[in-house]
Amino acid sequence: MTTMQATLAMPAATELLPLIPELVLVGAAFAILMLDLFLKDSQKAITHTLSVFSLLAVAALILAGVGSGEQTAVLNGMFVRDTMADVLKVSVCVISAVALLFVWPYFRDRGLYKGEISVLVMFAALGMMLLTSAGSLIMIYLGLELLALSSYALVAVDRDSPLASEAAMKYFVLGALASGLLLYGMSLVYGATGSLDLATIRDTASSVAQPMLLLTGVVFMIAGVSFKFGLAPFHMWLPDVYHGAPTPITLFIGSAPKLAAFAMVVRLLGVGAAPLAEQWQPLLAVLAALSLIVGNVVALMQTNLKRMLAYSTISHVGFTFLGFAGGGPEGYAAAMFYAISYALMATAAFGAIVLLARRGFEADMIEDFKGLNARDPWSAGMVLCVMASLCGIPPFLGFWAKLAVLRAAIDGGLLWLAIVGIICAVIGAFYYLRVMKVMYFDEPVGEPVLPRDDATLKLVFGVNALALLVLGGAWSPLMAWCQSAFA
C-alpha cells in the first residue's frame, strides 16, 4: 500500500471506531446464526449462551469506553456517539440479555426454542442501538425498522398458537401504518428544511420559508413515535400484542424497546425540533394525560395479568412523557431515569409470569397467583417487590422515578399535569395491590401450582426484583448518570 493509499484509508477506519460496539454485535449475530445451522436441537443451549454473552460483552465494551475517542459524530453526522447513547446502549444490552435468560426455559420446555429467537433479539438490540445514536432521519428510520421487523417475527415465533399469529398480524399491520405516518412526517420535515441531518434541521427550523409544513411534519412524527411508545390514543395494538405473544417475548418487547423509543423522541424532538418546543410540548402533555387516564382506568377491569400489565405500560409511558413535557435537561434526564427504571420493572413483572408458567399452563391470570405465599414465600416476596415498585411505594425504585418526572412537570410549569399524574398513580395502586392481596390472603383455585424448579431462573428473577429495592435505596448514581447525558 502506498503512502497516499494509507492516508486515504485512515479517515474511513477512524470513522468506524465509534461503531465498534455495533460492529461487534452484528458480527456476533451473523456468526451465531451460521453456527446454529450446524447444531442439533439438543445443542441449542450453545446458541442461547453465546447470545447472552455477546450482549453482555457489547455492554462491557461500551462501559470500557472502547471506540468512544474524541470524535462523536461520524458518517457525515448520521451516527452520534455521546453519553446519552452510551447509557441507553448499556441498558438495552443488559436488559436484552436478561430477557434471553427468561426466553430459554420457557421455549425449551415447550420444544419451541429455535436459534433464530436469540439472533432476532440481537438484531432488535442492534436496531435500538442505532436509534440511540441516530444523527439523521435516515438512521432513525433504519434503526426503527430493524427493531420493528425483528419484533414482528419474535411475536409470531409460536406458529401453532392462534393468539400469537393474530397478535403478530395486528402488530405488523398497525406497525406498518405507524411507520408510514412517521416516514410521511419525515418527508415533510425534509421538504421544509431541505436536510435529513437533525442538527441542520434544528439550525434552520426557526427560519424556514414554510413553517406550517414543518409543523405538520413534526405532528406526523409525534403520531408515529406515539405508536411505537404505546401512547394513548395510539395504543390499540399494545394489549393484544402483549397478551398474544409468548410471555418471554412480551417481556422483551415491553422493556428494552421503551429505551429506544425514548432516544427517538430525544433525537427527533429534543434535537431536530428543539426550536419548536413551545408548539410540541403542549401536545406531549395532552398525550401524557390521556395515557395516564386510559392506562390506569382500563387496567382496573383486567383479570388477565398480561393485559393488566399492558395497560399499566400505557400509564407508565404517560409518566415518562411527564418529563418530556416538562422540557429542559432536567426534564429529559428525569424521563430517561423513568424509562430505565420502568424497563427493569417490566422485565421483572413479566418474569414473574414466566416463573410460574408450565407447558399447557401460562400462569397469566391474576387468580393463578392466589396463595403463592403459602406455596413459595421467596417467590411471593420477590413478586411483592416488583408490584410495590410498579405501584410507586417507597423506598423502591419506582417511587423515585415517579417523583423525578412529577418534579420535572412542575418545574416546567405543568402543575395540572402533575396533579393528573398523582391522581392516576393512586388509581393505579389498586390493581398492583390486588396482585399482592391474592398472593398473601387468598386461597389457590384448583390444584396449587408451584413456581418452576429452576435455580437459574429463580436467581435471575430474584436479582431483578431485588435490584428494584437496592436501586431504590441508592438511586442517586443512576440519576446522576442520566443527568450527565444532558449536562
Side-chain angles (χ1 to χ4, degrees), residues 230 239 242 251 254-255 258 288 291-323 334-335 337-353 355 364-370 372-373 379-407 409 418-442 461-462 464-475 478:
Y242 277 33
L251 182 153
S255 54
K258 296 297 181 284
S291 299
L292 288 166
I293 295 169
V294 171
N296 283 295
V297 171
V298 181
L300 290 173
M301 299 178 282
Q302 304 303 314
T303 56
N304 183 283
L305 186 56
K306 287 171 71 175
R307 294 188 75 87
M308 187 202 85
L309 291 173
Y311 282 105
S312 79
T313 296
I314 298 168
S315 72
H316 284 288
V317 169
F319 275 110
T320 304
F321 269 66
L322 287 179
F337 180 62
Y338 199 97
I340 294 174
S341 301
Y342 177 69
L344 290 170
M345 292 187 287
T347 303
F350 290 105
I353 302 176
L355 187 66
D364 60 352
M365 302 298 291
I366 294 177
E367 66 179 20
D368 294 331
F369 284 75
K370 286 186 175 181
L372 180 60
N373 181 59
S379 297
M382 295 301 98
V383 177
L384 175 68
C385 290
V386 177
M387 294 299 157
S389 187
L390 286 167
C391 185
I393 297 175
F396 291 94
L397 182 60
F399 169 77
W400 302 109
K402 282 186 171 65
L403 186 63
V405 292
L406 287 170
R407 180 182 299 170
I419 293 173
V420 172
I422 293 170
I423 294 172
C424 289
V426 174
I427 295 173
F430 175 82
Y431 51 83
Y432 295 124
L433 292 173
R434 181 172 58 181
V435 177
M436 302 182 204
K437 177 252 185 186
V438 300
M439 288 194 302
Y440 283 90
F441 300 105
D442 289 7
F461 175 66
N464 193 348
L466 288 175
L468 303 177
L469 178 59
V470 173
L471 289 174
W475 58 275
L478 179 57

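Atom CE in M382 sits 10.0 Å away from atom CG in L468 (nearest 0.5 Å). Atom CG of L251 sits about 8.0 Å away from atom CG of N464, to the nearest 0.5 Å. The CE atom of M387 sits 10.5 Å away from atom OH of Y431, with the distance rounded to the nearest 0.5 Å. In this structure, the separation between CD1 on I366 and CD on Q302 is 8.5 Å, given to the nearest 0.5 Å. In this structure, the separation between CG on N304 and CD1 on I353 is 7.5 Å, given to the nearest 0.5 Å. Interatomic distance, CD1 of I393 versus CG of L433, reported as 5.5 Å (0.5 Å rounding).
Between L355 and S379 the shortest heavy-atom distance is CD2-OG, 3.7 Å. The shortest heavy-atom contact between S315 and S312 is OG-O, 2.6 Å. The two residues Y311 and A299 have their closest heavy-atom pair at CB-CB, 3.7 Å. Residues G318 and A288 come closest through the heavy atom pair O-CB, 3.6 Å. Shortest non-hydrogen contact noted between M439 and A380 is CE-O, 3.7 Å. What you find for A335 and G323 is that their closest heavy atoms are CB-CA, 4.2 Å.
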Review point. Going through the distances and angles, do K258 and T313 end up as a side-chain contact (heavy atoms from CB on, under 4.5 Å)?
Key: CA-CA 10 Å; K258 296 297 181 284; T313 296; 3.7 Å; yes
Point to revise | side-chain contact (heavy atoms from CB on, under 4.5 Å) between E367 and T303, intermediate numbers included | key: CA-CA 8 Å; E367 66 179 20; T303 56; over 6 Å; no
Check your understanding: Are L305 and D368 close enough, and set up right, to give a side-chain contact (heavy atoms from CB on, under 4.5 Å), and what steps lead you there?
Key -> CA-CA 9 Å; L305 186 56; D368 294 331; over 6 Å; no
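A heavy-atom distance below 4.5 Å is not found between the side chains of V386 and M345. M308 is listed as a side-chain neighbour of V435, based on a closest heavy-atom distance under 4.5 Å. Residues S291 and F321 have side chains not in contact (no heavy-atom distance under 4.5 Å, counting atoms from C-beta outward). A heavy-atom distance below 4.5 Å is not found between the side chains of W400 and L478. In this structure, the side chains of S341 and L397 come closer than 4.5 Å at one or more pairs of heavy atoms. Residues F399 and W475 are not in side-chain contact: their nearest non-hydrogen atoms beyond the backbone lie 4.5 Å or more apart. Between Y338 and L322, every side-chain heavy-atom pair lies at or beyond the 4.5 Å cut-off. Considering only heavy atoms from C-beta on, D442 stays 4.5 Å or farther from F369 through its side chain.
Other residues, nucleotides and ligands place more than 12 heavy atoms under 6.0 Å from the CZ atom of R434.
Between Y432 and H316, the ring planes lie tilted relative to each other; the angle falls in the 30° to 60° range. Under the 30°/60° scheme for interplanar angles, the aromatic rings of F350 and Y242 are found to stand perpendicular.
Side-chain N or O atoms of S389 include one that pairs as donor or acceptor with a backbone N or O of G398 at under 3.5 Å. Side chain of K402 to main chain of L390: a donor-acceptor pair is present (N/O by atom type, distance under 3.5 Å, no hydrogens or angles).
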